[in-house]
Structures are given as structure tokens and as C-alpha cells.
Amino acid sequence: MTKGKQENKYTFFDDVFEVVKLIPKGRVTSYGTIAKYLGTKMSARMVGWAMNAAHADKKIPAHRVVNRNGMLSGKHHFETPTAMQERLEKEGVEVSKDHVQDFKKLLWDPAIDL
DNA sequence: GGTCTGACCGGCG
DNA sequence: ACGCCGGCCAGAC
């Protein structure tokens with residue numbers, strides 16, 4: 001069985017994509033929150049890395065994912081350095097100086113909403 | 001095949 | 001209060 005199937009290989013990446021896709025409009029979440037929901041709060045870096053792959057999938061609202069400070073840390077990775085902020089504002093999220101206003105209120109926790 | 005980095009977080013000095 | 005460091009998983013060279 002050691003060389004059976006590797007179906008469970010993409011658990012982490014896949015889980016991240018699923019959660020990010022489930023983020024409601026006008027709501028934001030943090031890398032640590034997702035990682036914690038997956039059970040690996042220490043691997044918040046992986047969540048960000050998963051977003052890198054998510055960039056290939058336009059169905060994944062990576063702009064709704066920010067760091068724990070509510071700052072658009074990944075904005076620099078978007079098409080344009082302002083695309084992330086513009087999109088968030090378009091969805092009703094107030095963004096100022098690359099950081100989400102009322103982040104605590106807009107913070108969407110999968111463990112709570114699900 | 002081994003090494004390093006990467007859109008982070010939390011603890012410690 | 002601020003700064004530094006370690007930790008996790010996976011992909012790229």
C-alpha cells in the first residue's frame with residue numbers, strides 16, 4: 001500500500017481553494033484563519049502559497065484574503081497593485097491605505113459561517 | 001536529490 | 001513597545 005494512490009496529496013491546496021471560493025461577497029478573511037480552520041494554524045504561509053496557484057483560477061477571490069492585520073499584503077501579486085483594493089471596494093469593502101476598514105467586522109470565519 | 005524561498009503567525013528578548 | 005526568530009508544507013532550481 002505504500003505505493004497506492006496519491007489522492008490525498010492535494011488536501012491542503014484543495015481545501016484552501018474550497019474555503020476561499022466560499023468567501024461571501026463583501027467579506028474578507030485572513031490566511032491564519034483559513035489555516036486554523038484546516039487545522040494547521042502554523043502553516044499560514046502555505047495558504048498564501050496556495051493563493052499563488054489560485055491566481056491561475058479566476059474563480060478564486062484571492063483579493064478577499066488578507067493577512068491578520070487586514071492589510072492587502074498580496075495586492076502586489078495581482079494584475080495591478082491596486083486591483084485588489086478596487087475589487088474590494090467594488091464589493092462594498094472599505095479599504096484605506098491598503099488595509100481593510102472594520103476588518104474585525106468583515107472578517108469571515110469559515111468555522112462560524114459554516 | 002538536496003536546498004531555499006514563499007501573499008504568514010505567534011512567541012520571546 | 002518594537003524587533004527578531006522559528007515553524008509549517010509544498011513547489012522551483
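Chain naming here is simple, since letters A, B, ... match the order of the sequence lines and numbering starts at 1 in each. Here the structure is a predicted model, which means the values were calculated and not measured.
Counting only distance, with no hydrogens or angles, the side chain of A/R64 and the backbone of A/I23 share a donor-acceptor pair below 3.5 Å. Side-chain atoms of A/H99 come within 3.5 Å of backbone atoms of A/S96 as a donor-acceptor pair (strictly under, hydrogens ignored). A donor-acceptor pair is defined here as one N or O able to donate and one able to accept, closer than 3.5 Å; such a pair exists between the side chain of A/H55 and the backbone of A/H77. At least one donor-acceptor pair closer than 3.5 Å links the side chain of A/T29 to the backbone N or O of A/W108. At least one donor-acceptor pair closer than 3.5 Å links the side chain of A/D109 to the backbone N or O of A/A111. For the pair A/S43 (side chain) and A/M46 (backbone), a donor-acceptor distance under 3.5 Å is absent. In this structure, the side chain of A/R27 engages the main chain of A/K105 through a donor-acceptor pair within 3.5 Å.
More than 12 heavy-atom neighbours from other residues, nucleotides or ligands sit within 6.0 angstrom of NZ on A/K21.
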With side-chain contact (heavy atoms from CB on, under 4.5 Å) as the test, would you mind laying out the steps for A/V65 and A/M51 before giving the verdict? CA-CA 9 Å; A/V65 186; A/M51 295 277 102; 4.0 Å; yes
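Side-chain contact annotation: A/E86 with A/H63, donor-acceptor N/O pair under 3.5 Å absent.
Shown here for A/F17 and A/I60, the closest heavy-atom pair between the two residues is CD2-CD1, 2.8 Å.
In DNA chain B, the stems built from three or more successive Watson-Crick or G-U pairs (distances below 3.5 Å) are B:2-6 with C:9-13, B:8-13 with C:2-7.
Near DNA chain B, defined here as any heavy-atom distance below 4.0 Å, the residues from residues 61-72 of chain A are A/A62, A/N67, A/R68, listed numerically. Heavy-atom distances under 4.0 Å link DNA chain B to A/A44, A/R45, A/M46, A/G48 of residues 33-48 of chain A, given in residue order.
A/L107 has its CG atom 11 Å from the P atom of B/dC9, to the nearest Å. One atom, CZ of A/F17, and another, P of B/dA7, lie 15 Å apart when rounded to the nearest Å. A straight line from OH of A/Y31 to C1' of B/dC9 spans 13 Å, rounded to a whole angstrom. Atom NZ in A/K75 sits roughly 17 Å away from atom C1' in B/dC8 (whole-Å rounding). Between the C1' atom of C/dG11 and the CZ atom of A/F12 lies a distance of 14 Å, rounded to the nearest Å. Separating the CG atom of A/D98 from the P atom of B/dA7 is a distance of 16 Å, rounded to the nearest angstrom.
Of all nucleotides listed (B/dC9, B/dA7, C/dG11), B/dC9 comes nearest to the side chain of A/S30.
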